[in-house]
Amino acid sequence: MTFVAAAMPILGLPRLGSGPGRPVNSALTMDYRREYLRELFSATPGTMVSAYGWVKTRRDSKGLSFVQLNDGSCFQDLQVVVNAGVVDEATLKLITTGACVRFDGEIVASPAQGQAVELVAKGVEVFGAADPLAYPLQKKGATFEFLREIAHLRARGNTFGAVLRVRNEASWAIHKFFHERGFLHLHTPIITASDCEGAGAMFAVTPSLKTHGDRYALDTTDPKEDFFGKPAFLTVSGQLEAETVALAMTNVYTFGPTFRAENSHSSRHLAEFWMVEPEMAFCDIVGNMNLAEEFLKAILQHLLDHCAADLEFFNKRIEPELLATLSHVAESPFERISYTEAVDMLLASGESFEFPVFWGADLQSEHERWLTDTKIGRPVIVTDYPKAIKAFYMRQNEDGKTVRAMDVLAPRIGEIIGGSQREERLDVLERRIADMGLPREAYWWYLDLRRYGSAPHAGFGLGFERLLMYVTGMKNIRDVIPYHRAPGQADF
Ligand code: ATP
Ligand code: MN
């Protein structure tokens with residue numbers, strides 16, 4: 001991006017004359033091709049620029065005003081100095097927290113600390129004022145609970161702006177990671193007609209809800225007459241469909257929304273969240289662990305390299321030691337232990353846990369946290385869980401008791417990735433489906449994969465919001481997604 005000198009055309013349009021209190025450039029065509037605010041910080045002093053954004057604060061002192069302006073393109077606000085007489089009284093009154101404005105002016109070296117340059121205004125246009133008495137994001141230090149109630153405005157604040165930039169960069173890093181390694185990006189269905197994934201409670205999908213007075217009811221009680229001719233649900237995972245394509249295209253991944261009707265008010269569960277699910281043919285549990293570790297480290301490193309200012313903010317305001325931990329994790333090998341070893345460690349810990357520890361019990365969040373935070377101090381991959389607590393599709397070990405499951409546990413968060421080598425043997429899989437009392441007919445297509453050209457394969461699911469919690473230090477999963485869906489919370 002280049003910068004234009006004073007009185008030169010901007011975007012091919014002549015600059016209009018400016019004067020005190022008079023908006024300049026109001027005839028400029030609206031076009032996304034203009035400097036983002038983050039680019040103005042590297043402008044050479046002396047250049048004329050236009051800065052578009054929303055006012056964070058305005059401070060008046062002895063005839064001049066300082067305005068902090070932000071357009072979301074970076075953490076730092078641009079300081080705009082408005083000297084006496086540049087803007088008339090009535091217009092200045094409109095430049096309050098939350099207002100949307102454009103300042104035209106000259107970039108100058110800043111005498112203030114913490115910023116190389118600032119903008120000396122020569123003119124302003126107010127696009128949208130924001131009544132200071134009514135604007136909900138008036139004060140600093142609003143609680144995250146309160147911000148959830150104004151989710152439509154929270155992107156204007158420091159914390160949520162930083163969350164959204166990190167979320168965007170992480171999303172890009174994930175696609176880049178897989179693309180560079182030849183994985184095929186796959187879109188799996190969001191509506192699924194068979195409840196055979198078994199990963200959690202599902203939401204039903206039907207077009208025929210009718211209001212009956214103040215209640216809703218189905219048009220028909222016969223699923224055969226419903227839209228899909230059978231019960232349909234929102235997907236809890238794209239894994240089974242991803243497996244079908246991995247057994248044709250070798251390495252694939254999905255990155256899409258998943259839904260679980262978890263009636264839980266936990267700070268780690270949402271009803272709608274995004275999941276990254278790679279699936280690889282010719283891959284076993286060790287290859288799966290290697291990919292998971294390489295993947296997490298690559299994403300962390302990418303974010304350390306590309307979101308420095310935002311992560312520094314999280315480090316300062318949300319989670320002390322965040323930066324040190326992330327760099328450490330990006331460089332050191334993950335611990336790898338079996339479920340049996342994990343249980344032995346927990347039993348020998350001398351801790352009194354709320355949920356009892358014994359071989360065969362599922363690891364609860366408190367156990368996961370003890371392993372990662374207290375005992376090991378970095379991410380841990382736990383493998384070979386008892387088959388009774390894991391899904392039917394996981395590959396059985398020779399001991400007849402355990403399956404090739406792997407959970408990646410992260411400090412502060414607990415489970416961040418869940419995965420496994422999949423059962424590729426038709427007879428073993430059929431027996432498991434029968435033993436678990438699952439409806440065999442529902443899996444006909446899944447079993448076909450083992451019937452025709454089966455291959456050892458493996459994959460995992462990463463909860464995207466869990467990753468973001470880990471990277472930002474944010475304590476509640478509801479604060480790392482633009483619009484959170486949780487029990488009783490589907491506003492906006
Ligand atoms: P948990 O025990 O934490 O509920 P899970 O065993 O149900 O997790 P999986 O079915 O293995 O999780 O899903 C894969 C990943 O998706 C998890 O490792 C986690 O990161 C994420 N995840 C699962 N459920 C949720 C949820 N309700 N909200 C957000 N992320 C979730
Ligand atoms: Mn769960």
Side-chain angles (χ1 to χ4, degrees), residues 167 170 174 188 192 195-203 234-240 242-243 253-279 285 288-289 291-293 295-296 299 334 339 342 355 361-369 371-372 379-383 385-394 403-422 458-472 474-487 489-490:
R167 191 179 166 107
I174 287 166
T188 47
T192 166
D195 173 15
C196 64
E197 283 146 344
M202 303 179 96
F203 291 102
L234 292 179
T235 187
V236 292
S237 155
Q239 179 202 319
L240 303 192
E243 279 186 58
Y253 75 102
T254 72
F255 186 175
T258 47
F259 307 86
R260 297 189 186 179
E262 320 220 47
N263 198 6
S264 117
H265 293 265
S266 97
S267 57
R268 307 179 309 130
H269 291 90
L270 287 166
E272 176 181 281
F273 63 101
W274 289 68
M275 185 130 77
V276 181
E277 296 181 278
E279 193 69 38
I285 185 79
N288 206 15
M289 283 193 274
L291 179 79
E293 181 168 342
F295 170 74
L296 278 178
I299 306 307
F334 291 7
Y339 167 87
F355 293 91
D362 206 354
L363 297 184
Q364 301 294 324
S365 165
E366 54 172 345
H367 307 137
E368 297 176 343
R369 296 278 309 264
L371 285 167
T372 52
V380 184
I381 310 184
V382 182
T383 57
Y385 282 78
K387 68 176 179 187
I389 58 171
K390 288 292 181 186
F392 72 96
Y393 52 70
M394 297 192 180
V403 288
R404 286 187 200 165
M406 61 164 217
D407 280 3
V408 181
L409 313 179
R412 288 189 275 109
I413 313 292
E415 181 182 335
I416 192 165
I417 284 180
S420 67
Q421 184 175 335
R422 322 301 190 191
F460 62 77
L462 164 93
F464 186 49
E465 286 75 18
R466 297 259 178 104
L467 173 73
L468 292 173
M469 288 174 76
Y470 184 58
V471 172
T472 60
M474 294 296 286
K475 305 292 177 291
N476 195 309
I477 197 165
R478 293 161 200 207
D479 301 327
V480 295
I481 188 164
Y483 291 98
H484 53 292
R485 273 81 182 93
Q489 303 202 322

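Since this is a predicted model, take the numbers as computed values, not measurements. Positions are given from 1 along the sequence. As the structure lists them, so they are numbered: ligands from 1, and atoms in each ligand from 1.
Residue Ile477 has no nitrogen or oxygen atom sitting less than 3.5 Å from a nitrogen or oxygen atom of ligand 1, judged on distance alone. At least one N or O atom of Leu270 sits closer than 3.5 Å to an N or O atom of ligand 1.
With Met275, Arg260, Glu272, Glu262 as candidates, the residue nearest to atom 9 (P) of ligand 1 on a non-hydrogen basis is Arg260. Of the options Phe460, Phe259, Tyr470, Phe273, the smallest heavy-atom separation from atom 25 (C) of ligand 1 is shown by Phe273.
Residue Gly418 has at least one heavy-atom neighbour below 4.0 Å for each of these atoms of ligand 1: 11 (O), 18 (O). Set against the non-hydrogen atoms of Gly463, the atoms of ligand 1 under 4.0 Å away are 15 (C), 16 (O), 20 (O), 21 (C). For ligand 1, the atoms lying closer than 4.0 Å to a non-hydrogen atom of Ile416 are 18 (O), 20 (O).
Shown here is Asn263, whose CG atom has no more than 12 heavy atoms of other residues, nucleotides or ligands within 6.0 Å.
The part of Ile417 lying near ligand 1 is the backbone, judged by heavy-atom distances below 4.0 Å.
Under the rule for a side-chain hydrogen bond (donor to acceptor under 3.5 Å, both in side chains), Tyr470 has no partner lying at least two apart in sequence or in another chain. The salt bridge (charged side-chain N to carboxylate O under 4.0 Å, His left out) check on Arg478 picks up nothing, with sequence neighbours excluded.
The two residues Glu415 and Glu368 come nearest to each other via the heavy atoms N-OE1, 3.1 Å. Across all non-hydrogen atoms, the minimal contact from Ile413 to Arg369 is N-CD, 4.1 Å.
Side-chain atoms of Tyr393 and Glu243 include no donor-acceptor pair closer than 3.5 Å.
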